[in-house]
A.B. asks: 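Here it is, the structure in full.
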Amino acid sequence: MKKLFFFLSLMLATTIAFAQGKVSFQADITNRNGDVIYIKDNTNKIIKEIKVDGKGLFKDSFEVKDGFYTLFDGVEYGQLYLKDGFDLFLTMDAKMFDESITFKGKGEAENNLLAQNSISNETFEEANFDKSKDDFYVVFEAKKKSDFEKLEKGSFDDVFKAQVKKNMSREFLGMQMAYRDAQLTKGIIGKASKSFEYENHAGGKTKLEDLRGKYVYIDVWATWCGPCRGEIPFLAKVEEKYKGKNIQFVSISIDEDKDHEKWVKFVKDKNLGGIQLFADKNWMSDFIKSFGINSIPRFILIDPAGNVVSADAERPSSPELVAKLDSLLNK
């Protein structure tokens with residue numbers, strides 16, 4: 001999950017809100033990531049914390065304005081549509097977040113569609129972003145047609161349907177942008193990485209060249225990014241696992257200059273490990289632009305000679321990252 005088009009829909013869909021009402025919400029989550037789930041609005045403000053009860057369920061009723069929200073389980077995000085009178089029961093396996101989400105009850109049609117669209121979009125990306133431009137646009141147009149037909153044929157709330165139409169248009173714009181960037185990054189694998197020279201939280205500046213001789217695993221993040229913060233505990237475990245190995249962990253913040261002190265305080269308060277750097281021009285930094293980064297978190301892997309191994313590497317929370325690092329470091 002968490003690709004560009006998902007976040008476009010996530011953030012833009014939450015911009016509408018209508019009548020005030022009350023919803024009932026239950027969740028049965030196996031392999032859960034914590035004992036609390038959060039419902040957030042479009043400003044990323046938590047409007048409700050739901051704690052697990054003695055039966056292992058998350059259960060509560062609360063006031064909301066009709067509209068779009070996000071569900072956060074401490075690691076992953078999902079999209080919700082909540083409306084006065086909705087009575088939703090969610091089942092999910094947190095280890096297969098998107099793939100396992102199922103809603104029952106009043107409001108199930110709308111929320112199941114959101115869940116299905118999320119996994120459909122990610123599956124589409126994984127299956128088609130290596131295609132040639134002409135081949136990509138053939139399957140791209142077919143998906144657009146299919147998705148709009150599915151929306152029109154469904155028995156959905158009218159306000160929901162109208163907004164999702166708008167969001168779909170934004171999602172498809174996001175897919176085109178993500179495809180363009182995937183083609184850009186594919187062309188730099190095995191080639192020398194663009195360099196950087198950024199402020200180091202520990203003092204002075206650090207250049208990519210300073211890290212030559214070691215693999216470099218880079219986390220591009222920001223203090224305001226919830227999914228980025230969700231990866232931090234996993235990153236700490238990976239850093240500990242490979243302590244003393246031929247790899248350096250680097251986190252590059254793309255916070256704006258106005259949030260510089262917020263970054264300084266966050267790194268200190270959270271006792272973040274690795275090398276903590278602050279990009280010179282946030283999203284517009286030359287290094288960031290060279291990788292076509294327009295959504296975060298983003299992870300990059302560079303070899304000891306300074307060449308790009310992966311422009312979109314596995315996340316710390318993914319078991320595939322450990323497998324990848326083991327294959328490189330145990331040669």
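Values below: every heavy atom of this structure, side chains too, minus hydrogens, waters and symmetry copies.
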A.B. asks: Could you verify whether a donor N or O on one side chain and an acceptor N or O on the other, from Gln116 and Asn112, lie under 3.5 Å apart?
C.D. replies: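 There is no such pair (donor and acceptor under 3.5 Å, judged by atom type) between the side chains of Gln116 and Asn112.
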A.B. asks: Does Lys144 come within less than 4.0 Å of Asp147, counting only side-chain N to carboxylate O?
C.D. replies: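 No.
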A.B. asks: Would you please indicate if the ring centroids of Phe136 and Phe129 are separated by under 6.0 Å?
C.D. replies: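 Under 6.0 Å, so yes.
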A.B. asks: Considering only heavy atoms from C-beta outward, does the side chain of Ser118 approach that of Tyr77 to under 4.5 Å?
C.D. replies: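 They are not in side-chain contact.
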A.B. asks: Any chance NZ of Lys59 has more than 12 other-residue heavy atoms, nucleotides or ligands included, within less than 6.0 Å?
C.D. replies: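 At most 12 heavy atoms, drawn from other residues, nucleotides or ligands, come within 6.0 Å of this atom.
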A.B. asks: Under a 4.5 Å side-chain heavy-atom rule over Ile, Leu, Val, Met, Phe, Trp and Tyr, are Ile29 and Val23 clustered together?
C.D. replies: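 Per the 4.5 Å side-chain linkage, Ile29 and Val23 are co-clustered.
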A.B. asks: Could you check if a side-chain atom of Val220 sits within less than 4.5 angstrom of a side-chain atom of Ile254, using non-hydrogen atoms only?
C.D. replies: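 Counting from C-beta outward, Val220 and Ile254 do come under 4.5 Å.
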A.B. asks: Can you pull out every ring pair (Phe, Tyr, Trp, His ring centres under 6.0 Å) where at least one residue sits in residues 268-303? Sequence neighbours excluded, please.
C.D. replies: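 Listed by first then second residue: Phe196-Phe287, Tyr217-Phe299, His260-Phe278, Trp263-Phe278, Phe287-Phe291.
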A.B. asks: Does any part of the side chain of Ile47, heavy atoms only, come nearer than 4.5 Å to the side chain of Glu63, both counted from C-beta?
C.D. replies: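 In short, these two side chains do not touch, never coming nearer than 4.5 Å.
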A.B. asks: Is the backbone of Asp326 close enough, under 3.5 Å, to the side chain of Asn330 for a donor and an acceptor to pair up by distance?
C.D. replies: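 Indeed, once roles are kept as given, a pair shorter than 3.5 Å links the two residues.
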A.B. asks: Is the number of heavy atoms from other residues, nucleotides or ligands under 6.0 Å of Lys150 NZ greater than 12?
C.D. replies: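 Result for NZ/Lys150: enclosed.
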A.B. asks: When you check the gap from the basic side-chain N to the acidic O, do Lys83 and Asp157 get nearer than 4.0 Å?
C.D. replies: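 Salt bridge present between Lys83 and Asp157.
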A.B. asks: If only atom types and distance count, is the side chain of Ser285 paired as donor or acceptor with the main-chain N or O of Lys281 below 3.5 Å?
C.D. replies: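 Not confirmed, Ser285 side chain does not pair with Lys281 backbone.
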A.B. asks: Quick one: does Phe249's side chain get under 4.5 Å of Tyr215's, heavy atoms only?
C.D. replies: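 A side-chain contact under 4.5 Å is absent here.
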A.B. asks: My understanding is that only residues two or more places apart in sequence, or in another chain, count here; which of them pass side chain to side chain donor-acceptor pair (under 3.5 Å) with Glu320?
C.D. replies: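 Partners of Glu320 by the side chain to side chain donor-acceptor pair (under 3.5 Å) criterion, ordered by chain and then number, come out as Ser318.
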A.B. asks: Assess Lys40 against Phe72: is NZ or CZ under 6.0 Å from the centre of the six-membered ring, and within 45 degrees of the ring's axis?
C.D. replies: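 Judged by the rule, Lys40 and Phe72 form a cation-pi pair.
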A.B. asks: Can you confirm whether Val164 sits close enough to Leu151 that some side-chain heavy atom of one is under 4.5 Å from a side-chain heavy atom of the other?
C.D. replies: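 In short, these two side chains touch, coming nearer than 4.5 Å.
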A.B. asks: Is it true that a side-chain atom of Arg298 and a backbone atom of Ala311 form a donor plus acceptor pair closer than 3.5 Å?
C.D. replies: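 Pair found, side chain donor or acceptor close to backbone of Ala311.
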A.B. asks: Just checking Asp269: does its CG atom have more than 12 heavy atoms from other residues, nucleotides or ligands closer to it than 6.0 angstrom?
C.D. replies: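 It does: Asp269 CG has more than 12 such atoms within range.
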A.B. asks: Is the shortest heavy-atom distance from the side chain of Tyr69 to the side chain of Tyr81 under 4.5 Å?
C.D. replies: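 No. Closest side-chain heavy atoms not under 4.5 Å.
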A.B. asks: Is it the case that the side chain of His201 and the backbone of Val264 share a donor-acceptor pair, with hydrogens and angles ignored and the cut-off at 3.5 Å?
C.D. replies: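 Yes; judged by distance alone, with no hydrogens or angles, the pair exists.
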A.B. asks: For atom NZ of Lys262, is the number of surrounding heavy atoms from other residues, nucleotides or ligands below 6.0 Å larger than 12?
C.D. replies: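 Count over threshold, so yes.
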A.B. asks: Is there a path from Ile252 to Ile232 through hydrophobic residues (I, L, V, M, F, W, Y) whose side chains come within less than 4.5 Å of each other?
C.D. replies: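 No, separate clusters.
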A.B. asks: Hey, are Ser120 and Lys143 close enough side-chain-wise for a donor-acceptor pair under 3.5 Å?
C.D. replies: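 Side-chain D/A pair, Lys143 to Ser120: present.
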A.B. asks: Quick one: does Leu82's side chain get under 4.5 Å of Ile39's, heavy atoms only?
C.D. replies: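 Sidechains of Ile39 and Leu82: in contact.
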A.B. asks: I want to know whether Phe89 and Phe25 have ring centres closer than 6.0 Å.
C.D. replies: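 No; Phe25 has its ring centre 6.0 Å or more from that of Phe89.
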A.B. asks: Do Leu277 and Val250 have side chains that get closer than 4.5 Å, going by heavy atoms?
C.D. replies: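 Yes, their side chains come closer than 4.5 Å.
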A.B. asks: For a quick check under 3.5 Å, do Ser132 and Asp134 share a side-chain donor-acceptor pair by atom type?
C.D. replies: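 Checked: Ser132/Asp134 side chains show no N/O donor-acceptor pair below 3.5 Å.
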A.B. asks: Any side-chain to backbone donor/acceptor pair from Asp41 onto Lys45? Under 3.5 Å, distance only.
C.D. replies: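 Yes; at least one donor-acceptor contact below 3.5 Å.
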